[in-house]
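Structure first, commentary second.
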Protein chains: 2
Amino acid sequence: MADRKREPAARDVPSRPPTIYDVAAAAGVAASTVSRAFSRPGRVNAATAERIRQVAADLGYRMNPLASALPTGRTSLLALVVSDVTNPVYAEIIRGAEAAAAEAGLVVLLLDAHESDRRERDGLERALPIVEGVILAGTRMSDSAIRMTAKQRPTVVLNRQVADVPSLVQDNALGMRLVVRHLAEHDHRALTYVAGPEASWADGMRWRRLREAAAEAGLRVQRTGPFPPTIAGGQEAATALGPEPPTAVVAYNDQVAIGLMLALQAAGHSVPEEISVVGHDNILPAQLVTPRLTTVAAPLRVQGRDAVNAVVAARAGAPSRTGPGVPLPVRLVVRDSTARRRHPLSARPARTATTDAR
Amino acid sequence: MADRKREPAARDVPSRPPTIYDVAAAAGVAASTVSRAFSRPGRVNAATAERIRQVAADLGYRMNPLASALPTGRTSLLALVVSDVTNPVYAEIIRGAEAAAAEAGLVVLLLDAHESDRRERDGLERALPIVEGVILAGTRMSDSAIRMTAKQRPTVVLNRQVADVPSLVQDNALGMRLVVRHLAEHDHRALTYVAGPEASWADGMRWRRLREAAAEAGLRVQRTGPFPPTIAGGQEAATALGPEPPTAVVAYNDQVAIGLMLALQAAGHSVPEEISVVGHDNILPAQLVTPRLTTVAAPLRVQGRDAVNAVVAARAGAPSRTGPGVPLPVRLVVRDSTARRRHPLSARPARTATTDAR
DNA sequence: CGACCGGCGGCAAGCGGTTGCCATCTGTTG
DNA sequence: CAACAGATGGCAACCGCTTGCCGCCGGTCG
């Protein structure tokens, strides 16, 4: 490499892309001046800068991002880690993040964890040294691992709270309150939560908020799980619910809810007449299934955008409040998978009533 | 920057991550030896290498990918350009690509074009200098623009053929033949194609193959469009079909097909009794809608994987056959959105029969 | 009218690895 | 035993850009 020829682009054959040195030579200035002409507006005389820009354009000069990143550390790269690209939830977040990143002149580097802690850490470890910030969407890593990366790069975590790390979380309390109220208004007195992955913070939080809201409203709650956050997981859950499912179930997310409905229906149950099902996230298929799924909707795209903006702000030296800030508003999208509870006369004759006290 | 302090990590405070120089000093060798110990196995004595590795581990040394990329150009980054992350089709491709990339020690840099030529070119232009290869999935760029990037980096394009650029295309001819045969077997004598974006190569090809297959089978075909490749696009298409839609329609992709069904049903038509609908891609929602969508399925994930592998091979200096190679097999997933054509007695009394001759 | 100052360019030392070439050293070969 | 080849490690020149510091120059101030 040390002996690579460096002739002045003989015979017009652009053997190698031009560097600032080529531009400098052609413009009759020093390389440092060229550098400044591009990255330090105002630092060089306007006329000179213009000339340099002109020469650069003629030569087809393009700054080498690698070379400029080496001394400065600015790679213009952001890591976005998702637990499963295949989940439509992330498509929205990615879209939002991508858009905001592009606007800020950044490029996003996507890491798919495949729901695996290992893959996630490995990938992140590879990416960390070259990115300027990290967005953890639906991470399965431990709090300490997250804090570790946050120590190295501006980091924002989505839908999870980690001490000392900025985060953007949805208003789970509100969401679950809405769900419970909706269900209560439809005469439901008990509901069961179908849990997602244990490693998911959102799962824990949703379950907790659901319990609280239910207690407030005087509904009984139960929990079953954990299950994979997929349609298959939901189908699995359906069998776990047994032959006599509850009258209302709240699923960890839409995919689980959909799988659940599918399996329930396949088993001869009817939704929503016998069983009301509520999902979470409002992914596109939620409005496509029959019955259309009642679900909690969150501003996913906005969340992706805001996450990038937060990282960008931190990169620019903002203080970066570490708290969760104000949770993002959610709303309940009522569709056809929930209905008034069927009159209890016909319901579970086999179970004793003693556990119903409250 | 020139005067940044460089003390020997006094007081155990890891002020700056260790470099090969630190390792070299600690191990009593030259920096070049450290470099080789890591990147040129066998070049240094096994014992020395081991000692260096040990010292490096103790110091917590990690190679700086930026620094090593500067002289060599190996960034371990791959650009994956999709026209719309929000389309589930790409989720599968991304998943396949991500997995293969991780296996090859590469990281994927995702570019979302938002169905915009501009965004796509801009993003790619930013990314190109730092990636080692490019995968264009559903690009909207011009052939010449594609060839341009292929000239700069190993490139593979998905579902599109561009002279002199390696590509991975699905067997559209087979797919459409299957579709036509299926429809013909169900007494359909005419069908209309609902087109996707004009800039889409796949759209053009599918339409062409459909026409050919239909001609072969003696079916009449029509085309309407273009429409955006989304559910909304499909809904739009439904109104374009007018009050008396054809008995069979083949949509550019599943999203269009779904939008179409939705709108058709909303307008009081019944699918598949009145109208058979066929989609393309077999995205998840296809099996969720009612009726479940008959569609052409392609091995998306495999396609993503193979694309990465092809780029990796090219990077490693493989000759990279530039042809499209053998098209990827597809199959027709028959579900409930297609049915035997209703007996023609009741059909379109208003139209003359003269055009039916063939 | 000399000291001072701001504007503008240039110099050169990095950033952290990589690698061609060379010097040693050791074990072979004739 | 001398010539030689292979193994091994070091030197130093890059990769292309950034930036602290300095010097020069013309203008301003006291």
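Residue numbers begin at 1 in each chain, while the letters A, B, ... track the order of the sequences.
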### Query
Within the distance-only criterion (no hydrogens, no angle test), does the side chain of B/Ser83 pair as donor or acceptor with the backbone N or O of B/Thr139 below 3.5 angstrom?
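Absent.
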
### Message
Using a 3.5 Å distance criterion without hydrogens, assess whether the side chain of B/Arg62 forms a donor-acceptor pair with backbone atoms of B/Gly60.
### Response
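No; judged by distance alone, with no hydrogens or angles, the pair does not exist.
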
Any residue meeting salt bridge (charged side-chain N to carboxylate O under 4.0 Å, His left out) with [X], in chain and number order, not counting sequence neighbours:
| X | answer |
| --- | --- |
| A/Arg147 | none |
| A/Asp143 | A/Arg160 |
| B/Asp117 | none |

I'd like to know if [X] reaches the base of [N] with its side chain, counting only an N/O donor and acceptor under 3.5 Å.
| X | N | answer |
| --- | --- | --- |
| B/Tyr21 | C/dG17 | yes |
| B/Arg36 | C/dG17 | no |
| A/Ser32 | C/dC11 | yes |
| B/Arg62 | C/dG16 | no |

Distance-only donor-acceptor pairs under 3.5 Å for side chains of residues 92-110 of chain B, two or more places apart:
{"residue": "B/Glu92", "atom": "OE1", "partner": "B/Arg301", "partner atom": "NE", "Å": "2.9"}
{"residue": "B/Glu92", "atom": "OE1", "partner": "B/Arg301", "partner atom": "NH2", "Å": "3.0"}
{"residue": "B/Glu92", "atom": "OE2", "partner": "A/Thr86", "partner atom": "OG1", "Å": "3.4"}
{"residue": "B/Glu92", "atom": "OE2", "partner": "B/Arg301", "partner atom": "NH2", "Å": "3.3"}
{"residue": "B/Arg95", "atom": "NE", "partner": "A/Asp112", "partner atom": "OD2", "Å": "2.8"}
{"residue": "B/Arg95", "atom": "NE", "partner": "A/His114", "partner atom": "NE2", "Å": "3.4"}
{"residue": "B/Arg95", "atom": "NH2", "partner": "A/Asp84", "partner atom": "OD1", "Å": "2.6"}
{"residue": "B/Arg95", "atom": "NH2", "partner": "A/Asp112", "partner atom": "OD2", "Å": "3.3"}
{"residue": "B/Glu98", "atom": "OE2", "partner": "A/Asp112", "partner atom": "N", "Å": "3.2"}

### Message
Does anything in residues 45-61 of chain B come within less than 4.0 Å of DNA chain D? Heavy atoms only, and list the residues if so.
### Response
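By residue number: B/Asn45, B/Thr48.
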
Over how many whole Å does the gap from [X] atom [atom1] to [N] atom [atom2] extend?
| X | N | atom1 | atom2 | answer |
| --- | --- | --- | --- | --- |
| A/Ile20 | C/dG14 | CD1 | P | 18 Å |
| A/Arg74 | C/dC15 | CZ | P | 18 Å |
| A/Leu66 | D/dC17 | CG | P | 11 Å |

### Query
If we fit an axis to the first five pairs and another to the last five of the helix from C/dC1-D/dG30 to C/dG30-D/dC1, what angle do they make, to the nearest 10°?
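About 40°, once rounded to a multiple of 10°.
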
### Task
Could you pull out all residues at least two apart from A/Thr155 that satisfy side chain to side chain contact (heavy atoms under 4.5 Å, CB included)?
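Once residues adjacent in sequence are excluded, the partners of A/Thr155 under the side chain to side chain contact (heavy atoms under 4.5 Å, CB included) criterion are A/Val134, A/Leu136, A/Thr149, A/Ala150, A/Val165.
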
### Task
State whether A/Thr33 places a side-chain N or O below 4.0 Å from either non-bridging phosphate oxygen (OP1 or OP2) of C/dG10.
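Indeed, a polar side-chain atom of A/Thr33 lies that close.
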
### D/dT18 OP1/OP2 closer than 4.0 Å to side-chain N/O of A/Ser35
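Yes, because at least one side-chain N or O of A/Ser35 sits under 4.0 Å from OP1 or OP2 of D/dT18.
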
### Query
Any idea which heavy atoms bring A/Leu158 and A/Ala307 closest together, and the distance?
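What the structure gives for the nearest pair is CD1-CB, 3.7 Å.
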
### Message
If you take any heavy atom closer than 4.0 Å to DNA chain C, which residues from residues 23-31 of chain B end up in contact?
### Response
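Those residues whose heavy atoms fall under 4.0 Å from DNA chain C, taken from residues 23-31 of chain B, amount to none.
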
#### Entry: Shortest side-chain distance from B/Arg43, nucleotide among C/dT18, D/dC17, D/dG9
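The listed nucleotide nearest to B/Arg43's side chain is D/dG9.
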
### Message
If you only use heavy atoms from C-beta on, which nucleotide in D/dC17, C/dG17, C/dG16 is closest to the side chain of B/Arg16?
### Response
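Nearest to the side-chain atoms of B/Arg16, counting from C-beta on, is C/dG16.
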
#### Entry: DNA chain C: 5'-proximal contact among B/Leu70 and B/Arg40 (nearest heavy atom)
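Residue closer to the 5' terminus by nearest nucleotide: B/Leu70.
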
### Message
Among residues at least two apart in sequence or on other chains, which ones pass side-chain hydrogen bond (donor to acceptor under 3.5 Å, both in side chains) with B/Ser68?
### Response
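None.
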
#### Entry: With A/Asp306 via side-chain hydrogen bond (donor to acceptor under 3.5 Å, both in side chains) - residues at least two apart
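Counting only residues at least two positions away or on another chain, A/Asp306 forms no side-chain hydrogen bond (donor to acceptor under 3.5 Å, both in side chains).
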
Show me, pair by pair, the donor-acceptor contacts under 3.5 angstrom made by side chains of residues 24-51 of chain A, not counting sequence neighbours?
{"residue": "A/Ser39", "atom": "OG", "partner": "A/Ser35", "partner atom": "O", "Å": "2.8"}
{"residue": "A/Asn45", "atom": "OD1", "partner": "A/Ala47", "partner atom": "N", "Å": "2.7"}
{"residue": "A/Arg51", "atom": "NH1", "partner": "A/Ala27", "partner atom": "O", "Å": "2.5"}

### Query
Which pairs pass side chain to side chain donor-acceptor pair (under 3.5 Å) with one or both residues in residues 127-136 of chain A, sequence neighbours excluded?
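Every pair satisfying side chain to side chain donor-acceptor pair (under 3.5 Å) with a residue in residues 127-136 of chain A: A/Glu132-A/Arg315.
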
